[in-house]
Amino acid sequence: MNQYSYSRELRLLTPADFQNVFNSPPVKAVSTQLTMLAKPNDRNYPRLGTTVSKKVAKKAVDRNRIKRIMRETFRLQQHKLSGFDIIVIAKPGVNDLDNQALSDLLNYLWRKLSKRCTQYSSES
RNA sequence: GGAGUUGGCCAAGACAAUCGCCGCUAGGUUGCGUUUACGUAACUUAGGGGAGGAAAGUCCGGGCUCCAUAGGGCAGAGUGCCAGGUAACGCCUGGGCGGCGUGAGCCGACGACUAGUGCAACAGAGAGCAAACCGCCGAUGGCCUUUAUUUUCGCAAGAGAAUAGAGGAUCAGGUAAGGGUGAAAGGGUGCGGUAAGAGCGCACCGCGCAACUGGUAACAGUUUGCGGCACGGUAAACUCCACUCGGAGCAAGACCAAAUAGGGAUCCAUGGGGCGGCCCGCCUCGGGUCCGGGUAGGUUGCUUGAGGCUAUGGGCGACUAUAGUCCUAGACGAAUGAUUGUCCACGACAGAACCCGGCUUAACGGCCAACUCCACAC
């Protein structure tokens with residue numbers, strides 16, 4: 001079993017999945033350029049959904065780039081996030097970051113989010 | 001060698017390692033169906049493939065799908081030199097005409113305002129069956145000055161009249177050659193002509209119409225005849241003429257189909273409740289099975305095509321015929337990526353979404369071929 005795979009189960013696929021997380025996310029991690037929302041999902045693995053609107057990055061090439069880096073960092077950090085559905089929202093300004101800066105920011109936020117998730121799980 | 005023109009090709013810079021993503025092919029294990037074969041689902045191993053010349057803008061044209069449709073006309077929209085190519089086009093090729101460039105070449109909505117209607121600011125004297133501001137002329141008819149002759153009145157000085165001539169540029173008038181205005185002022189040059197001028201006349205050039213010749217045609221012609229000769233511009237102004245066009249789009253369309261609610265058929269219970277004094281009857285409530293519609297969701301459409309490459313034949317060419325050969329992304333909250341190292345010319349614009357043919361726009365470069373101009377050398 002591969003530890004760092006990113007297969008179909010690890011994604012949010014339907015509009016219903018997305019709505020569910022958007023409605024009342026108990027855990028958040030926020031920066032100027034990004035917002036992460038998380039909600040428990042009764043599974044023993046995490047799932048990821050990404051949102052990059054045309055407002056944030058006008059060109060399709062840029063939107064793809066941002067999503068790829070989001071997924072890549074998630075892939076490497078997924079074990080700290082088990083049991084949660086997560087949505088990453090890009091906000092104006094992300095497009096100005098280069099790949100290195102964006103990865104650093106994401107990794108910082110993943111650490112923050114995983115800490116809060118653990119805290120949330122032990123509280124409930 | 002420098003400058004340039006045209007056509008074609010390449011382009012996430014190349015290679016390696018590690019970790020990943022999406023299809024495909026072949027095999028293995030397990031479960032299920034099953035007569036072994038085989039089929040199917042999950043896991044797994046190996047191999048191989050995985051963005052563009054514009055994938056973009058969505059501006060045209062077609063295929064495909066569903067809906068509509070007897071035939072014809074109107075309206076509306078589009079196209080607009082000619083011929084050809086094509087599935088088709090607003091595209092491409094060749095040709096014509098006009099313009100630009102020393103040239104290779106490039107650019108052009110390029111049908112019709114001698115059918116009709118309309119429009120033209122400002123300037124200007126005048127702008128649509130033209131016009132006289134300056135200037136020129138003032139022949140013709142007046143006016144003024146003056147000379148000569150004749151004549152009338154008067155004693156005379158002188159005054160008047162007629163005729164002829166000269167002058168004035170004064171009035172009427174003539175004049176579109178020149179100046180000036182304008183985007184545009186009603187052919188050009190020369191000679192004659194005239195008062196001055198003017199196609200007023202003539203020659204040449206140009207123009208219009210017709211014929212002839214060449215060309216499929218647009219059109220062309222050192223050709224012939226006729227006409228002194230304007231018919232101005234504008235149709236991305238209405239309009240006229242010729243030709244083309246049904247609508248919606250892969251969220252098209254086809255198939256499978258849970259849960260919940262509701263519909264129909266049938267069986268069970270022949271029961272509970274309501275109307276009623278009771279029976280019949282009517283209404284309502286339950287459980288099981290099946291059926292069709294249909295939502296979430298899934299499958300399909302989905303990549304082999306007006307396809308690429310090579311050869312030969314036809315054609316100036318766009319293109320086309322025949323033969324051989326190749327299979328080259330198919331996702332769907334949406335794959336084609338990340339990190340590290342080495343090297344170099346230090347890497348532009350930019351990401352498939354049913355599929356093709358074009359156009360347009362974006363952009364760092366590299367390579368090849370043909371041709372042009374300039375300079376130099378042999």
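On a predicted model such as this, the values are computed, not experimentally measured, just so you know. In what follows, every chain begins at residue 1, and chains take the letters A, B, ... in the order their sequences are listed.
Using Watson-Crick or G-U wobble geometry with both donor-acceptor distances under 3.5 Å, B/rG61 finds its partner in B/rC356. In this entry B/rU339 has B/rA17 as its Watson-Crick or G-U wobble partner, both defining distances falling under 3.5 Å. Checking B/rC204 for Watson-Crick or G-U wobble geometry (two distances, each under 3.5 Å) identifies B/rG188 as its partner. The partner of B/rG90 is absent, by the rule that a Watson-Crick or G-U pair needs both atom distances under 3.5 Å. B/rU266 is paired with B/rG288 under the Watson-Crick or G-U wobble criterion, all donor-acceptor distances under 3.5 Å. Base pairing annotation: B/rC367 forms a Watson-Crick or G-U wobble pair with B/rG8, both donor-acceptor distances under 3.5 Å. A 3.5 Å limit on both hydrogen-bonding distances identifies B/rA311 as the Watson-Crick or G-U partner of B/rU322.
Among residue pairs with one or both ends in residues 17-41 of chain A, none qualify as ring pair (Phe, Tyr, Trp, His ring centres under 6.0 Å); sequence neighbours excluded. Counting only residues at least two apart or on different chains, the salt bridge (Lys or Arg N to Asp or Glu O under 4.0 Å) pairs with a member in residues 83-101 of chain A are A/Arg47-A/Asp85.
Residue contacts for A/Thr51: at a heavy-atom cut-off of 4.0 Å it reaches a base atom on one of the strands shown.
The nearest heavy atom of RNA chain B to A/Gln100 and to A/Phe18 marks one nucleotide each, and the one closer to the 5' end goes with A/Phe18.
Between B/rG333 and A/Arg71, no contact under 4.0 Å exists linking OP1 or OP2 to a side-chain N or O.
Separation of the P atoms belonging to B/rG126 and B/rA77 is 42 Å when rounded to the nearest angstrom. Atom C1' of B/rG141 sits at a distance of 9 Å from the matching atom of B/rG173, rounded to the whole Å.
Closest to the side chain of A/Asn99, from the set B/rU339, B/rC19, B/rG333, is B/rU339.
For A/Thr51, the side-chain hydrogen bond (donor to acceptor under 3.5 Å, both in side chains) test picks out no residue, with sequence neighbours left out. Checked against side-chain hydrogen bond (donor to acceptor under 3.5 Å, both in side chains), A/Lys80 has the following partners two or more places apart in sequence or in another chain: A/Gln77. Every residue two or more places apart in sequence or in another chain that forms a side-chain hydrogen bond (donor to acceptor under 3.5 Å, both in side chains) with A/Asp104 is listed here: A/Gln100.
Contacts between residues 54-68 of chain A and RNA chain B, counted as heavy-atom distances below 4.0 Å, involve A/Lys59, A/Ala60, A/Val61, A/Asn64, A/Arg68.
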